[in-house]
Number of protein chains: 2
Amino acid sequence: MTETAGERRAQQSREAAKSGEPGRGGEPARREPQGITAEMILDAAVKILEEEGHAAVTMRRVAGDLGVAPPTVYWHVGNKEALWARLMDRLEQDLRCVQPVGSTPAERICSVVRGLHQQLRRSPALHALAEVTGRSLTLYSPSQSVLVAEFQRAGMSPRQVGFALHNLLAFSASFFYVDVFLLKEGRRTHHFAGPDALAPELDPDTAAAVTSDADMDAVFEFQLAGLVDSLLALGDDG
Amino acid sequence: MTETAGERRAQQSREAAKSGEPGRGGEPARREPQGITAEMILDAAVKILEEEGHAAVTMRRVAGDLGVAPPTVYWHVGNKEALWARLMDRLEQDLRCVQPVGSTPAERICSVVRGLHQQLRRSPALHALAEVTGRSLTLYSPSQSVLVAEFQRAGMSPRQVGFALHNLLAFSASFFYVDVFLLKEGRRTHHFAGPDALAPELDPDTAAAVTSDADMDAVFEFQLAGLVDSLLALGDDG
DNA sequence: ACCTGAACACCGTTCAAGT
DNA sequence: ACCTGAACACCGTTCAAGT
């Protein structure tokens with residue numbers, strides 16, 4: 001909420017570096033790393049993030065890995081919150097646009113959402129960041145227009161397209177969060193039911209089924225298929 | 001993962017306090033707070049959690065609010081991770097069992113999930129804790145048997161009941177997480193679409209609908225109704 | 001059994017000072 | 001413009017020592 005002097009300084013240095021990029025003076029554009037750049041800081045932070053999680057990403061640690069004093073990091077990126085934001089921006093840019101696959105609209109839409117989910121799931125850095133930044137709801141930008149186009153082709157009205165997109169993004173985001181927190185707990189599978197879940201008179205078969213590990217992939221596919229069908233049905237009688 | 005000596009000591013003190021509760025010796029059971037109890041520590045922590053969020057919950061702060069030195073808190077609760085766990089246990093116990101309302105199975109099941117969601121949403125302490133502990137997937141214990149009973153009454157097989165329950169719990173948990181992270185960002189509504197969401201040739205009406213704030217309550221209700229219908233349909237042709 | 005003061009090894013951040 | 005040493009105000013945690 002408050003913009004510190006450090007952040008403002010970092011902003012200026014970024015601008016300066018950018019405007020200096022297309023060689024405008026007399027000298028040839030030499031880019032010897034006579035010091036450290038913001039990009040190098042992000043590189044180091046991502047590396048720590050992937051290998052040791054968000055708790056290990058310390059301003060002092062980042063500085064140390066680059067052989068530099070802590071205030072240098074502050075000079076380049078402002079502060080820690082700005083570092084998180086920049087990391088999120090970078091990881092967001094790395095997300096590829098998912099192309100739809102399949103013959104029916106339902107198949108194509110499902111394939112895009114599934115592709116997004118798998119892409120997010122494969123990035124340990126994103127998982128670690130999600131714990132700390134609370135963003136990732138706008139992560140899916142590059143693939144959003146693909147989804148919009150599919151819904152339009154299915155004959156949905158503008159309002160319906162908006163509602164459908166919001167539904168799919170909420171769906172993706174929420175399953176991503178579940179992944180994040182499962183990982184945080186160190187669990188690979190869901191074991192939802194607590195000891196209080198069972199009424200004492202419950203038959204053994206049902207008790208076993210309820211307390212067994214949840215197959216989250218099956219849950220994901222089941223809910224995705226149902227959701228996409230419901231959304232497309234909105235267009236039929238619109 | 002490692003049980004420290006401090007935790008073990010705290011465990012013993014808890015046991016001792018418990019076994020001393022039903023007055024067993026000669027003296028009458030007097031319970032003057034000649035010092036501090038673990039319960040008082042939890043009270044203080046919950047208060048900070050509700051009013052200032054998880055970042056304000058500091059061992060020193062908790063101690064200070066109780067007029068006690070930091071090591072005293074360690075003596076009673078072990079360490080900070082144990083404090084989080086105990087807080088989660090307490091908040092979990094405060095969750096009431098939601099009773100189903102409605103005439104059809106779908107209505108009754110939806111009413112329970114909706115009730116759970118609203119209950120979680122109303123607890124700022126739970127939100128704050130979810131950011132830090134990553135639990136809350138087993139939060140719904142007291143209402144789970146209600147859901148199981150409803151699915152059984154709808155004629156579903158044991159395996160189907162298990163799958164249905166896992167679906168509903170995953171659904172509840174994921175919407176809870178979305179709430180948590182929206183709150184962390186300080187947003188009240190969802191604005192999913194980033195600037196890249198729109199293909200340039202998109203018609204203005206659709207563009208406006210897509211970039212408008214998402215009505216998350218409508219999304220919740222739409223997905224819940226669709227999910228419950230799909231789950232109950234599993235029982236029809238089982 | 002319960003509590004304390006003092007310390008250790010960390011944080012994020014700033015700031016005057018260097019080149 | 002870029003980097004540093006030193007400091008400030010915090011953390012979680014431990015430990016010997018008190019009663």
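Just so it is clear: chains get the letters A, B, ... in the order the sequence lines come, proteins before strands, and each one is counted from 1. Treat the numbers as computed from the prediction; the structure is a model and nothing was measured.
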Taking [atom1] from [X] and [atom2] from [N], how many angstroms apart are they, rounded to a whole number?
{"X": "Arg60(B)", "N": "dA9(D)", "atom1": "CZ", "atom2": "P", "value": "14 Å"}
{"X": "Arg61(A)", "N": "dC10(C)", "atom1": "CZ", "atom2": "P", "value": "12 Å"}
{"X": "Trp84(A)", "N": "dG12(C)", "atom1": "CH2", "atom2": "C1'", "value": "12 Å"}
{"X": "Met59(B)", "N": "dC3(C)", "atom1": "CE", "atom2": "C1'", "value": "15 Å"}
{"X": "Ile36(A)", "N": "dA1(D)", "atom1": "CD1", "atom2": "P", "value": "18 Å"}
{"X": "Asn79(A)", "N": "dG12(C)", "atom1": "CG", "atom2": "C1'", "value": "9 Å"}
{"X": "Glu52(A)", "N": "dC10(C)", "atom1": "CD", "atom2": "P", "value": "14 Å"}
{"X": "Trp75(B)", "N": "dG5(C)", "atom1": "CH2", "atom2": "C1'", "value": "19 Å"}

Spatial distance of atom CZ (Phe171(B)) from atom CZ (Phe175(A)) [nearest 0.5 Å]:
9.5 Å

For the CD1 atom of Ile109(A) and the CG atom of Leu147(A), what is their distance to the nearest 0.5 Å?
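Rounded to the nearest 0.5 Å, the CD1-CG separation comes out at 7.0 Å.
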
Using atom types as modelled and distance alone, determine if a side-chain donor or acceptor of Thr58(A) lies under 3.5 Å from a backbone N or O of Arg61(A).
no

For residues Val77(B) and Met59(B), report the shortest heavy-atom separation together with the two atoms involved.
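Answer, listing the atom of Val77(B) first, then Met59(B): CG2-CE, 4.2 Å.
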
Quick check: on DNA chain D, is the nucleotide nearest Lys80(B) upstream (toward 5') of the one nearest Pro70(A), or the reverse? Name the residue that is more 5'.
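Comparing both residues, the 5'-ward one is Pro70(A).
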
Quick one: label Thr72(B) by what it contacts on the DNA or RNA (base, sugar-phosphate, nothing), any heavy atom closer than 4.0 Å.
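Base: the residue Thr72(B), judged by heavy atoms under 4.0 Å, touches a nucleobase.
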
Measure from the side-chain heavy atoms of Tyr74(A) and tell me the nearest of dG12(C), dC3(C), dC15(D).
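Among the listed nucleotides, the one closest to the side chain of Tyr74(A) is dG12(C).
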
Tell me which nucleotide, if any, is Watson-Crick or G-U wobble paired with dT19(D) when both distances must be under 3.5 Å.
dA1(C)

Paired nucleotide for dC8(C) [Watson-Crick or G-U wobble; both distances under 3.5 Å]:
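Its partner is dG12(D).
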
What verdict does the salt bridge (Lys or Arg N to Asp or Glu O under 4.0 Å) test give for Asp65(A) and Arg60(A), after you've listed the backbone C-alpha separation in whole Å, the side-chain angles of each residue and the deciding distance to 0.1 Å?
CA-CA 9 Å; Asp65(A) 283 7; Arg60(A) 285 176 152 92; over 6 Å; no

Can a side chain N or O of His76(B) be found less than 4.0 Å away from OP1 or OP2 on dA1(C)?
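Checking His76(B) against dA1(C): no side-chain N or O falls below 4.0 Å of OP1 or OP2.
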
